[in-house]
Amino acid sequence: MAEMWINMGPQHPMTHGLWNLRIKVDGETIVDAEPEVGYLHRGIEKICENRTYTQILPIADRLCYGAALSWNHLYCRTIEDLMGLEVPERGQYLRVAALEMQRIASHLMWLAAYAADLGMMIGFIYAMRDREIFIDLLQAMSGSRLTYNYCRIGGVAHDAPPDFERDSLRACDYIEKKIEEYYDLYEGSKVFMMRNVGIGKLSKEDAMNLGVTGPPLRASGVRYDLRKDVPYESYDAIDFQPITHPDGDCYARYRVRMEEMLESCKIIRQAVTKMPKGKWRIVAPRNGPVGTGLGRVEDPRGEGMMYAVGDGTDRPYRLKIRSPIFVTVSAAKHMLVGYKVADVVAIMGGLDMCIGETDR
Amino acid sequence: MAEARKKSIRDSTGIVVRPIKRTGTQVVRSLILGKPNTILYPYQHLKLPPTYRGKHVLDFKRCIGCSNCVQICPNDCMWMQKLEDPELGKIERPGIDMGRCLFCGLCVEVCPTVALHEGVEFELANRDRTKIKFDPRDLRDDHYADSVKEERQKHTIPVLDLDKCSGCEKCAGECPEMCIAMMPVEGTGRKKPEFTLAKCEGEGKCAIVCPDKAIEMKDVWESYFEMPEPKFELKSCTGCGACARACPAGAIYMMDMPGTEKTLAGGKKGKPKKRAVFVLEKCVGCGKCFRACKFKAIEMPGVRK
Amino acid sequence: MNLYDFCYGIIHWLVDLINHIWYWLAGLPGVFGDFFRSIGDLAASHGNISFFAIVLEAVIMLVIILINVLNFIWIDRKFMGRMFDFYGPYYVGYRIGGWLQNLADGMKLFVKEIIVPAKADRFGYLVAPVIFVGSSIAILATIPLSDKFGIFTSPTDTGVPAGVLFAFAMFAVAPFSILVAGWASNNKYTLIGGMRSAAQMMSYEIPLLLCVASVVVLAGGFSFEAVVTAQEKIWFAIPLVIGFVTFIVCMFAEVEVQPFDLPEAEAELVEGWTTEYPGMRFGLFMMTSYLRGYCAGALITALFLGGWLGPSFIPGPIWFLIKAYIVFVIVEWARWSLPRVRIDQLLNIGWKRLMPLAIVNLIIAVALKSMGWF
Amino acid sequence: MENTKGSPGEGIERPPMNVGGGSAEERVIRALIDGFPQTVTDFRKVRDGFLRAKIERRNLYKACKMLRDQLGFEHISMITAVEYEDRFELVYHIACYGSCLLLELITTTPKDDPSVDSVAEIWGGANWQERESYDLMGIRFNNHPKLERILLPKDFMFHPLRKSYKEGP
């Protein structure tokens, strides 16, 4: 059978966002794959060089629309590292609570897109409905639904809303009950398992060498979670377990994300109950020092990093953004070769693509 | 309970029954027990939290027209508009172009007098692009600001009105924490009380004892951002008073310097040269004096022209 | 007194009414009078009346079925809505629960512009929907709603003798029209969609017909009336439970419902073979897919659930429709809660799982028949 | 799950030398200084788990190879290219899963000849990051498997992140 290149994208219902996957197909099985990105390149690193430190906050939100808060927080951490600031205790706990809610909302958004890809409209609707609970919580905290702009350099924008503790505990109980229902909906149906088990295998060595990070890495068996191993904010005061799974196939990635949501509920409960009183924000200096700052955070999609170079003025000299999906997608070839064309949907869906951060 | 779920695929007996049972209970729940999750939008509305960032609301009385919000806006969607107001006279208030605004809330936080707030109205769609450029008067609502619980702390500090102050040093002696020091103003031969606000407890003894009521205890909001401070050089100041007129917070006073009169043609004494004096407690760091001064007498690091 | 008598009576009364005019005109002098008298006699003849009676029967049946199909669309969206935890159609005709939403959608599709893709093969593009809709509606011709209520040609007639055969023959015409539609609209993805759909239907036709064969073996006759009356004592779903389940699964594939709706797989091919059909043609395709859903429901009730048999306080046709609705709701229920199957899994389910089951079912049927229990 | 505070990355086999957390830093420092005496300069421990070192671009490749093979640095997190007035700086962030270490290797290249050896063979993850640095900053990586533009269209003539690139193309 003649091998031919097929373009899955850039405008294709399977790709969430604008990127193109060129696969070489021999009959139905994939022989070679070559992803192409860059369709949504906005030149954010160049934009940030012409804006003051505070004005970059809303831009950092718009890096990845699925998990806006974690990028906003990563930027704040980088500049705090550059300026050598220390965030007050309450600010750290508020950040941890907000980040974990954002993680659950982002994983639910992934679950919705993943179910819709496999044909289950009902999975999409259920996941989106349950995501609303956390979107409302974050909206009460920060003020908007998608781009929260909640973190500030040196703390958090607003204090927790009234009876925030009661609402978030109730939300955690609700989502844990719902995830139990999802197990029926997904793992109960053999059709879902047929489409997921043993598809898109990624070995442990490949995952580490290719720079895959986050849930896909932990799904391949590597027990490495930045929140646990390089604790930032007040994660060291909260005990939780990184989730791993030995197989490394699509089912493992699905499994890791579902249990990570349960872990996030545990973290939220501890963060909300242990939250001390007091200031949640300090006044950040206007002009940054000459020097470099590094932020390294566990984004719902992987290891997000930012490297800022300050030159004494109130604008950064250079701001480099490391996007987890940009590197994980480069490893797409190793997951795709040998599987069917219909599996591309499941494998690429498992990576929780967010093109905003890939193309910057 | 997650471990209990760890069944291998082969014995997931339910093949297709369990998902159907799950969706079935959902039908029962939303049909008979409760109402479905969605609301019928045009007829029912969601209640939004007070912190929601929607269309802006401007309190004309609190706003002093310092254009801090215009400078911090990442998308340059605000502009200062000169207005003629019956009771406030000639004023300058910000207008907002909602077409460019990204509702980030930075302008609300940088406002020194907490005049700008974000309301909960979000239905701003319009067929005509010019209609979403809101004029300050459209945003005006003078009593919205009082109803909003403001997170920033307010503390009372002594505020000096230099015109009334005669330099009598009574307040310096009176202050229990000794935070007032009388500093000579160079060139004018008069003295001006300097306040170190960190030590000030805000009892207001100095305001009471001041004979000509020059000091007044005012509530000032703490600022979240470090605002630039103007630095003044006497040499290049020609006393034109442009900065005093430009300063929205009234922190710059023009004092005349005795002994610099020039003898005019008819042998009469001309008016003495003036110089600007800064009361830095009132300064909100907007940079208007820096831009107004044509003779580079005022330096502000980091503020662009 | 079956439907034929009823229609015969109506047409007869109508013809008498009109004949007054002819016979009044027949009073004209000479050749003109004879001409009108002969028309009057021709109209009153038995052949003419029975012809129009059958036409009226077909119209009545079609109207009833199409109203049911609209009901199915409404039930599907309402039921799916509640399953997805939202309201379902509500605003259009809100006093009757949004039932008019379907009519509103139909209206919208009517007013849409009719576009034929430039490089599409005009003849194939235009003919495909006609065959698809025509063959689907033709299935209904031979399915009577009860022994009294169906398309009959004489007062004592009980339906087409080989009704079941005709129904499944018409059912099998659709893949041909889907292939033509997919190929004629000159679009790579619709071609793949068309081929996938044809492959799927072919591979599921055989187990389907084996199950039908087992039913016909037990019933001893090819007509619906024979099949249903044979289920007097016990519904065929109980002895042939394997056949019943296989038949339903095959119907899922025939009617392209969720676990097997490969041709319209949103993820890979945008809309399958109906991508290039805008406006009312797409409306026809969509309506026909629900019509085939009804046919599937009707065939399942007729063959396995004892069509119009049921306690007599509810008349026959109503029983038939109730059972068809229940089967349809179950199909929808499974449809919205299962993900899509991959193309190779689809085929190996068809050949490796359903084919043996169908054969086992046929053996059971023959065994039961030869033991004389039926 | 292993014990609660099992050292992370336990599930993977690691080179024998990786013993204990604290001394890992010294071991990395000693290994790098022994391997490349003159070229590795001003080693600094910024905070525990984060090291910084400058290295000549001549034996960057050998150092990275040694880091991965002997010291168990399996993951290259980030490659940053920064343009200064007189030089280009390439900052490599390399992470070790075994002992949660992050090493920041800084190499400088003269302004007129911004080229450095590619580490794409050592770590697969570096492939795209190097292409991105080439695409936006114009740094050539010698013997990189496929050095092309990745984010910008193929026929784009400029390197936008250069300070000299002011207005539009």
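Below, each value reflects all heavy atoms present in this structure, side chains not excepted, and no hydrogens, waters or symmetry copies.
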Problem - Part of A140(A) within contact of chain B (heavy atom distance under 4.5 Å) - result: both

Handout entry: Toward chain B, the part of I122(A) with a non-hydrogen atom under 4.5 Å
Key = side chain

With rounding to the nearest 0.5 Å, note down the distance linking [atom1] in [X] to [atom2] in [Y].
| X | Y | atom1 | atom2 | value |
| --- | --- | --- | --- | --- |
| R53(B) | R145(A) | CZ | CZ | 13.0 Å |
| R51(A) | I72(B) | CZ | CD1 | 12.0 Å |
| Y224(B) | T54(A) | OH | OG1 | 14.0 Å |
| L102(B) | N149(A) | CG | CG | 8.0 Å |

Completion exercise
Most heavy-atom pairs under 4.5 Å with chain B, out of T52(A), D159(A), I56(A), belong to D159(A)

Practice task
State, yes or no, whether a side-chain contact exists between P161(A) and T51(B) at a heavy-atom distance under 4.5 Å.
Solution key: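 No, too far: nothing below the 4.5 Å cut-off.
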
Practice task
Answer yes or no: is there a side-chain heavy-atom contact under 4.5 Å between M227(B) and V283(A)?
Solution key: no

Problem - Contacts with chain B made by residues 126-135 of chain A (heavy-atom distance under 4.5 Å), listed by residue number - result: Y126(A), R129(A)

Practice task
Could you look at T38(B) and say if it's the side chain, the backbone, both or neither that has a heavy atom under 4.5 Å from chain A?
Solution key: neither

Exercise for the section: Please look at F103(B) and chain A and tell me whether the side chain, the backbone, both or neither of the residue comes under 4.5 angstrom of a heavy atom of that chain. Expected result: neither

Handout entry: Residue K177(A) excluded, over 12 heavy atoms near NZ under 6.0 Å
Key = yes

Practice task
Decide if atom CZ of R129(B) counts as having more than 12 heavy atoms of other residues, nucleotides or ligands within a radius under 6.0 Å.
Solution key: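 No.
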
Handout entry: Pair E109(B) + R281(A), salt bridge at N-O below 4.0 Å
Key = yes

